[in-house]
K.L.:
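Got a structure for you, written out below as structure tokens; questions coming shortly.
Convention: sequence-line order gives letters A, B, ...; per-chain numbering from 1. All figures in this text were calculated on a predicted structure; none of them were measured in a lab.
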There are 4 protein chains.
Amino acid sequence: MVGKALGKGNPARADARRQQVLDAAGQCFRRAGFRGASMSDISAMAGMSTGHIYHYFKNKEAIVEAIVERNKDSVLSDIEQLKRQPDVLQALIEGASQCMVRRPQDDLDDPALLLEIFAESSRNPVVAALLRQRDAILRESFQEALAIGQQQGSIVREADLNSLIDLLAAIFDGLIIRNALHPDTDRDGMLRLFRLLLERFLRPA
Amino acid sequence: MVGKALGKGNPARADARRQQVLDAAGQCFRRAGFRGASMSDISAMAGMSTGHIYHYFKNKEAIVEAIVERNKDSVLSDIEQLKRQPDVLQALIEGASQCMVRRPQDDLDDPALLLEIFAESSRNPVVAALLRQRDAILRESFQEALAIGQQQGSIVREADLNSLIDLLAAIFDGLIIRNALHPDTDRDGMLRLFRLLLERFLRPA
Amino acid sequence: MVGKALGKGNPARADARRQQVLDAAGQCFRRAGFRGASMSDISAMAGMSTGHIYHYFKNKEAIVEAIVERNKDSVLSDIEQLKRQPDVLQALIEGASQCMVRRPQDDLDDPALLLEIFAESSRNPVVAALLRQRDAILRESFQEALAIGQQQGSIVREADLNSLIDLLAAIFDGLIIRNALHPDTDRDGMLRLFRLLLERFLRPA
Amino acid sequence: MVGKALGKGNPARADARRQQVLDAAGQCFRRAGFRGASMSDISAMAGMSTGHIYHYFKNKEAIVEAIVERNKDSVLSDIEQLKRQPDVLQALIEGASQCMVRRPQDDLDDPALLLEIFAESSRNPVVAALLRQRDAILRESFQEALAIGQQQGSIVREADLNSLIDLLAAIFDGLIIRNALHPDTDRDGMLRLFRLLLERFLRPA
DNA sequence: CATGAATGAGGGTTCATTCAT
DNA sequence: AATGAATGAACCCTCATTCAT
């Protein structure tokens with residue numbers, strides 16, 4: 001077996017096919033978990049043969065990793081958008097609201113999938129590394145966004161940014177996961193309170 | 001053999017044996033996940049033969065469910081303790097701190113296991129139901145604790161308790177999970193900030 | 001997965017089962033080659049389920065190795081017998097004759113299987129190592145046998161024993177393989193000649 | 001597409017392409033065995049696409065057979081050379097020496113490949129037939145060479161030529177295989193002995 | 001002539017579960 | 001109560017082969 005490049009011929013088509021696999025895998029993983037979803041499930045959902053998936057991904061694990069990567073890109077672009085808003089705090093709050101409204105159908109940063117990723121990372125070193133890398137990137141971008149907010153005067157200056165990011169990230173993760181697991185929560189009430197909390201905590205007096 | 005005794009002979013001994021299996025399963029699940037840990041792994045760690053586990057549990061899923069059940073009880077007792085504290089808000093904050101300090105070694109209420117449970121709940125209806133039940137009990141207990149806090153004057157009166165509980169639960173889950181996944185976080189800084197947040201948000205002016 | 005001892009309960013029964021697998025594997029390998037025989041083939045021939053074979057052998061490769069080992073033991077005992085004969089050269093010649101008369105049914109040192117082993121050894125390092133080990137042991141034993149022959153006066157003294165062993169081993173291998181591949185050879189004529197050759201070459205004048 | 005042309009357009013170019021495939025296949029087979037080398041390996045080494053190989057060969061087995069055929073031709077031409085030597089016995093001995101010196105790099109007549117062929121022949125009837133055919137041709141040619149040797153007076157007259165050929169062929173095969181499997185043998189010592197053996201056995205007194 | 005995408009059967013292996021002892 | 005031998009389905013992955021381009 002000689003290391004062959006995966007999907008070389010027509011790059012555009014190959015990439016479309018890769019996305020097709022990732023979409024299918026995302027759905028399967030969400031339903032059954034990484035271990036629970038079989039390559040056969042994925043291939044059926046992707047509408048191609050099992051063997052053919054291996055033209056695009058070396059491994060089942062390579063698919064998992066690509067999904068984590070894709071999620072990272074999606075979240076990163078969300079954060080990047082924050083920076084361009086006139087009131088970062090306000091945008092942050094809106095972002096959080098969207099996190100909780102978003103439904104599993106949106107493939108890219110699906111809460112249930114994120115949960116799966118989190119769980120997998122505690123035992124798969126490669127996924128763990130990817131997640132750490134994801135976190136570093138997101139943290140940097142987030143930090144910039146908060147700094148912009150401080151310059152705007154929409155976020156308190158005295159805060160220790162590093163810890164603030166940890167805390168906010170934890171809260172966001174918590175909201176996302178809760179949203180995934182308890183779809184029947186009174187989102188509006190909760191969001192109203194959350195808005196209040198952020199305003200009272202981050203907005204300068 | 002009598003039809004499906006499932007450990008009837010000496011009730012005390014049988015229960016000890018069951019706990020033995022659950023302890024072993026907890027460790028295995030934490031390390032490898034529900035799907036990743038094999039019955040053989042569990043039996044080896046429990047120090048009994050694979051076949052014998054089936055005297056105490058109908059199948060692997062029953063073990064998973066018993067683990068979830070046990071975790072539920074553990075969290076519930078944590079909350080019940082809240083009510084007995086003179087300053088509920090203060091105790092809440094302490095509780096959060098403990099959540100973040102607790103190490104994977106404590107079997108009952110392990111973050112990594114919780115993550116596993118969360119992920120499993122989105123595909124295993126029994127686990128999902130148990131989680132919902134856990135949540136209902138937890139919510140009731142939590143509500144009482146918060147009400148006591150309001151009577152104590154340690155928590156603002158005007159808050160919508162239901163949504164507050166949702167929000168707090170989400171935040172706690174987020175902290176627990178972050179703790180599990182990022183063991184190298186600056187916990188102290190984050191806790192200081194979190195304390196500040198809760199105080200500013202919940203303590204009456 | 002914890003490293004479990006393979007087949008522990010009743011050692012005698014377990015060993016019988018192992019032999020059963022080896023016998024079946026020998027037949028399958030002879031018919032289809034190491035790569036060509038599937039675990040499913042072997043299990044069918046051994047009269048047990050595919051999965052159960054893994055209770056006795058870690059791998060398909062472990063089966064191959066056990067077969068090589070078994071062949072080594074068989075050949076070794078053949079050589080050991082030589083030493084106990086009054087006329088070693090005569091016994092050697094008789095042994096060669098038997099090599100060429102023996103039919104594939106005798107499992108232990110089946111020529112076709114030996115051929116398979118040889119071929120496998122040129123690409124499987126573990127088998128190659130085993131074969132080297134086999135050769136060292138056989139060479140030592142063979143050397144002793146020839147030395148005894150020299151003391152008996154049945155084998156010329158001046159020969160360089162090391163090279164003589166190489167040459168004889170090559171010739172024996174050639175005969176065995178030829179026997180396996182050309183079952184229609186005139187064995188008697190060939191053996192008569194071979195006897196003559198050995199006598200004229202090894203017997204002191 | 002015209003039905004099953006199998007390389008008809010430019011015969012010379014087509015044949016060159018076929019040889020290209022056979023060269024590549026030879027290398028792959030030697031490294032990994034017939035079953036172990038994949039069509040993908042062969043195509044990569046031949047520098048053409050997997051699918052295109054099927055323009056020149058009906059399937060993988062056809063490649064195997066062509067390789068065996070090519071090897072047969074190579075051995076045959078070796079023997080034909082014998083006849084043109086003034087002292088056939090001497091040339092025979094030289095030939096044997098070359099057998100043992102030849103390194104795996106020479107594609108056509110590689111010991112490791114021969115071993116592979118031998119092993120394959122016991123299960124692939126086509127290969128077996130080719131091997132038998134090779135043997136018949138070889139035997140005829142060999143017989144002529146030996147007869148010439150007898151006329152020259154370099155080989156004893158009384159020998160039963162048929163059996164002698166069988167024996168010599170077996171010995172040669174044995175030497176070749178031993179050379180392939182034990183590259184660290186003391187070749188010189190062994191050859192000296194072999195020379196002695198042939199001289200003493202075949203040279204008229 | 002030439003490609004490589006695509007298939008699907010089959011490979012070795014694992015594992016939840018059952019059952020005779 | 002307790003064992004571990006035994007099963008068979010399912011897993012991930014490979015590969016000879018075909019076919020549209």
K.L.:
Any donor-acceptor pair under 3.5 Å linking the side chain of Lys60(C) with the backbone of Ala37(C)?
P.N.:
yes

K.L.:
Can you tell me how far C1' of dA2(F) sits from CZ of Arg17(B), to the nearest Å?
P.N.:
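Rounded to the whole Å, the gap is 8 Å.
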
K.L.:
Should Tyr56(D) be listed as having a side-chain N or O under 4.0 Å from OP1 or OP2 of dC1(E)?
P.N.:
yes

K.L.:
Which nucleotide wins on minimum distance to the side chain of Arg13(D), given the candidates dT17(E), dC1(E), dA2(F)?
P.N.:
dC1(E)

K.L.:
Could you give the CZ-to-C1' distance, from Phe57(D) to dA16(F), as a whole number of Å?
P.N.:
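After rounding, the reported distance stands at 16 Å.
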
K.L.:
Of Lys60(B) and Gly51(A), whose nearest nucleotide on DNA chain E comes first from the 5' end?
P.N.:
Gly51(A)

K.L.:
Please state how far atom OH in Tyr54(B) lies from atom P in dG4(F), giving the value in whole angstrom units.
P.N.:
16 Å

K.L.:
According to ring pair (Phe, Tyr, Trp, His ring centres under 6.0 Å), does anything in residues 17-43 of chain A pair up with another residue at least two apart or in another chain? List the pairs.
P.N.:
Phe29(A)-Phe34(A)

K.L.:
Counting C-beta onward and ignoring hydrogens, is there a side-chain heavy-atom pair between Asn71(C) and Leu113(C) closer than 4.5 Å?
P.N.:
no

K.L.:
Going from CD on Gln27(C) to CD1 on Ile42(C), what distance comes out if it is rounded to the nearest 0.5 angstrom?
P.N.:
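These two atoms lie 11.0 Å from each other.
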
K.L.:
From Tyr54(B) OH over to Ser49(B) OG, what is the distance, rounded to the nearest 0.5 angstrom?
P.N.:
11.0 Å

K.L.:
Is any side-chain heavy atom of Asn59(C) closer than 4.5 Å to a side-chain heavy atom of Glu65(C)?
P.N.:
no

K.L.:
Which comes earlier along DNA chain F counting from the 5' end, the contact point of Asn59(A) or that of Ser49(B), where each point is its nearest nucleotide?
P.N.:
Ser49(B)

K.L.:
Is the Tyr56(D) ring parallel, tilted or perpendicular to the His52(D) ring (thresholds 30°, 60°)?
P.N.:
perpendicular

K.L.:
Dot-bracket, DNA chain F: Watson-Crick or G-U, under 3.5 angstrom, [ ] crossing, | other strand?
P.N.:
.||||||||||||||||||||

K.L.:
Taking CD1 from Ile53(A) and P from dC11(F), how many angstroms apart are they, rounded to a whole number?
P.N.:
13 Å

K.L.:
Tell me: CD of Glu61(C) to C1' of dG11(E), nearest whole Å?
P.N.:
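Computing the Glu61(C):CD to dG11(E):C1' distance gives 15 Å.
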
K.L.:
Calculate the interatomic distance between His52(B) atom NE2 and dA20(E) atom P; express it in whole Å.
P.N.:
18 Å

K.L.:
Residues from residues 33-46 of chain C sitting under 4.0 Å of DNA chain E, heavy atoms only?
P.N.:
Ala37(C), Ser38(C), Met39(C)

K.L.:
Quick one: His55(C) NE2 to dT3(F) P, roughly how many Å, whole number?
P.N.:
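So the two atoms are 16 Å apart, to the nearest Å.
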
K.L.:
When you measure from the side chain of Arg123(B) to the backbone of Ala119(B), do you find a donor-acceptor pair of N or O atoms at a distance under 3.5 Å?
P.N.:
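Checking the backbone N and O of Ala119(B) against the side chain of Arg123(B), a donor-acceptor pair under 3.5 Å is found.
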
K.L.:
Could you check which of dC12(F), dT3(F), dT7(E) has an atom nearest any side-chain atom of Met48(B)?
P.N.:
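The closest nucleotide is dT3(F).
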
K.L.:
Is any side-chain heavy atom of Arg31(C) closer than 4.5 Å to one of Met45(C)?
P.N.:
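Result yes, sub-4.5 Å side-chain heavy-atom pair found.
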
